[in-house]
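None of these values were measured; they are calculated from a predicted model. Residue numbers start from 1 in every chain, and the chains themselves are labelled A, B, ... in the order their sequence lines are given, proteins ahead of strands. The basis for the numbers below is simple: all heavy atoms, side chains too, and nothing from hydrogens, waters or symmetry mates.
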Amino acid sequence: MTRLSTYFLPTERDPPADAEALSHKLMVRAGLIRQVGAGLWTWLPAGWRVHQRVVQIVREEMNAIGGQEILMPVLQPAELWRRSGRYGIEELFKLQDRRGADMVLAMTSEEVVTTHVAAAVKSYRDLPLTLYHFQTKERDEPRPRAGVLRTREFIMKDSYTFDRDPEGLEANYQKHVVAYDRMMDRCGLEWYRVEADVGMMGGTGAHEYMAPCPAGENEVAIAPGYAANVEVASAEPQPVQLEPPRDAPEIVSTPGMTTIDAVASELSLPAGALLKAFPIVLDGDEMRLVVLRGDHRVNEIKLQNALGAPFRPAHPEEVAARLGPPGYIGPVGAQMPILLDQGVSPGPYVAGANQPDAHLRGVEPGRDFNYEAVDVRAVVPGDRINGATLRIEPAIEVGNIFKLGTRYSKPLGANYLDESGHEQLIWMGCYGFGPARAAAAAVEQYADEQGISWPRAIAPFDVELVTLGKEGSEERAYADQLYGLLMELGLDTLYDERDAGPGEKFIDAELLGCPLRVTVGRRTMGAGEVEVQIRRGREKTSVLLDDAAEEIAALWRGLP
RNA sequence: CGGGGAGUAGCGCAGUCUGGUAGCGCACCCGGCUGGGGGCCGGGCGGUCGCAGGUUCAAAUCCUGUCUCCCCGACCA
């Protein structure tokens, strides 16, 4: 029985003063969530129904690919995390029990699940295996924000696959691709599966499931047939007009001009006709000079991946000592390896001369300096890929899938014996999905001026039934009866029988955003009809009194 | 971690500069009217002004410290 007069659905006329993101404002206003502290949220009844609907979709798809649901604890011994090498992570909540033993609050469960598998799995006959759970995750985020989009505590579905070899892992990974594609579709989201950075975990491949929306914290580079996180995206740069070639570099005086823009405007050239030099220092004080087109920027994640090692930008003193005056450095004559971005096409460029107040023009890569080609440029909108134009959109990361390899099986001793009796490491994958983010993404993607407009599959209720009649009226009696019929047909119905004005009821209903709003009032009843509003698009239609429930159910089945 | 902002009733805010009995709108409670887009009239309830200390005859207001929250950036297995 879900009668609004007794249901805990505290709606608000005003959004929280400091809320910025649309989903944050609307989910609070609609009475779905309430804040407890920074990045800590309570899910109220209607909000929790949405969350649970997403969870059920995810559960069904995981089961469909052979996943087996388990439950692992949030509180875990620090020892496991020391063994896996993750104890030092700053986001990890750390605490002690009464005996002083170090504990952690899990941000994911690789350590625990791998330990169980290591203990139980002995033979190749026990593999492959897919285990998953829905469990609270704890992360000491430096900056929680935007309602439930980025929180310190949240529920995540995390699954883990265990295979004999890379081929097995690949097969399980592809199964997850299928399952995740379906989860995103079934949640009614617009989404992209994008190539992702494997990050510090050093896995062998990763994709993210991104839901584009203005509040998204990630940027996705998209072109027909291509989608990648900008952190790893590659594309052809837009062409640039270069100077005529010269037989050899010529010095040009550029006093006081230490920026690309200043030199470009002095020589009346586009910034892209210059070379930008980005000196970096690797572990052990080795220097490298990264060179890219003047109008391009370094993507530090791509650079780190290209180097295969961490780096830092060189300090000005190091630049002055090893190359030349900062603002005037360039690749010609540089006494260090040069990494040339592949966005620099052949031709004559203007570059720093490694001496005060001077640049060189007519510098040609290959002729005037040797280099190693790398791809370290940040892509920008307008770049080309497969002949199409690239665009960049903000998006929410709802899920990610990741090939771990033997990252955890090695330190935690997860081995098996193969057919010939040899001990082998288990190959693992891990896969995350955030129901709260899926819900927030749906709010972001479909909300309008009036409020939320849920996809049918994850709405808190299928139908909101509004009666305008007072207790004892003919309309009220009919609405009571219709409520029962809708429930019998399997439609989850929220019945607004509050003693409130029609305006208030309509506004609350559209704020909450159930796919259908059914109104029983004297006016339409007099005409033998019941009014039905389709929330998305707000189009109104009507059904006959006599078989209203069946017609409403049929309408509902046709909704997105 | 750097920069900016805010803590006064459930929500949104004024009052702080210039110290002098804590206010407004909405919500809520009671009564009545109204009944297809946050309706109207009348009467009410509700706040240790984030916390601690200090100055003062007197502190929401001035001073010191502290906690919390938000936004931008950095960060984001």
Side-chain angles (χ1 to χ4, degrees), chain A residues 8 10-21 24-25 28-29 31 34-41 81 84-93 104 106-111 137-147 149-152 154 156 158 160 196-203 206 208 215-219 229 231 300-301 396-397 400-402 404 407-408 428 430-432 434 449-451 466-471 473 475-476 496 498-511 517-527 529-531 533 538 540 542:
Chain A
F8 189 53
T11 57
E12 295 288 346
R13 187 186 295 253
D14 301 311
D18 41 30
E20 204 59 41
H24 181 188
K25 293 178 184 171
V28 171
R29 281 226 291 138
R34 283 293 184 269
Q35 185 166 22
V36 176
L40 300 172
W41 291 83
W81 291 69
S84 70
R86 291 211 294 174
Y87 190 65
I89 292 173
E90 280 200 65
E91 285 183 332
L92 183 66
F93 276 107
V104 306
M107 36 203 300
T108 55
S109 292
E110 281 84 355
E111 284 80 1
K137 300 293 178 289
E138 306 283 348
R139 295 186 185 179
D140 196 358
E141 290 285 348
R143 184 151 107 77
R145 68 183 133 188
L149 274 179
R150 184 167 209 81
T151 56
R152 293 195 291 177
F154 58 97
M156 182 166 90
D158 38 326
Y160 304 91
D197 182 36
V198 294
M200 302 302 283
M201 302 310 303
E208 291 163 338
E217 300 186 279
N218 298 87
E219 293 196 312
N229 193 311
E231 293 175 350
E300 299 200 358
I301 293 171
I396 297 175
E397 181 187 343
N400 65 358
I401 57 178
F402 197 98
L404 284 170
R407 163 71 180 81
Y408 291 91
M428 292 177 55
C430 66
Y431 316 83
E449 286 296 303
Q450 281 69 35
V466 174
T467 174
L468 302 181
K470 279 186 162 178
E471 190 128 33
S473 68
E475 305 92 90
R476 181 61 174 272
D496 187 355
R498 293 175 300 171
D499 181 22
E504 192 178 344
K505 291 186 173 192
F506 293 148
I507 281 164
D508 273 352
E510 292 187 50
L511 177 59
R517 186 190 74 198
V518 174
T519 307
V520 177
R522 189 184 306 162
R523 219 163 68 184
T524 47
M525 252 187 92
E529 293 177 336
V530 173
E531 180 196 279
Q533 185 208 47
R538 304 182 68 227
K540 286 177 187 166
S542 48

Would you tabulate the nitrogen or oxygen pairs shorter than 3.5 Å linking the protein to nucleotides 1-6 of chain B?
none

Quiz item: Are OP1 or OP2 of B:rC70 and a side-chain N or O of A:Gln35 less than 4.0 angstrom apart?
Solution: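 Indeed, a polar side-chain atom of A:Gln35 lies that close.
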Roughly how many Å is it from [atom1] in [X] to [atom2] in [N], rounded to a whole number?
{"X": "A:Glu141", "N": "B:rC69", "atom1": "CD", "atom2": "C1'", "value": "17 Å"}
{"X": "A:Glu12", "N": "B:rA9", "atom1": "CD", "atom2": "C1'", "value": "13 Å"}
{"X": "A:Glu510", "N": "B:rG36", "atom1": "CD", "atom2": "P", "value": "16 Å"}
{"X": "A:Glu449", "N": "B:rG38", "atom1": "CD", "atom2": "P", "value": "17 Å"}
{"X": "A:Glu20", "N": "B:rC70", "atom1": "CD", "atom2": "P", "value": "13 Å"}
{"X": "A:Leu511", "N": "B:rG37", "atom1": "CG", "atom2": "P", "value": "18 Å"}
{"X": "A:Phe506", "N": "B:rG39", "atom1": "CZ", "atom2": "C1'", "value": "14 Å"}

Quiz item: Under 3.5 Å, is there an N or O donor on one side and an acceptor on the other linking the side chain of A:Lys540 and the base of B:rG37?
Solution: yes
Exercise. Using distance alone, with no hydrogens and no angle criterion, decide if A:Ser84 and A:Glu111 have a side-chain donor and acceptor under 3.5 Å apart.
Key: yes
Self-check item: Any donor-acceptor N or O pair under 3.5 Å, side chains A:Thr11, A:Asp508
Solution: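 On atom types as modelled, these side chains qualify, holding a pair under 3.5 Å.
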Pairs under 3.5 Å (N/O, protein and nucleotides 23-29 of chain B):
{"residue": "B:rC26", "atom": "O2'", "partner": "A:Arg13", "partner atom": "NE", "Å": "3.3"}

Quiz item: Now, which nucleotide makes the Watson-Crick or G-U wobble pair with B:rA60, with each of the two distances under 3.5 Å?
Solution: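 Paired with no nucleotide.
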Self-check item: Under the salt bridge (Lys or Arg N to Asp or Glu O under 4.0 Å) test, residues paired with A:Arg139 that sit two or more places apart
Solution: none
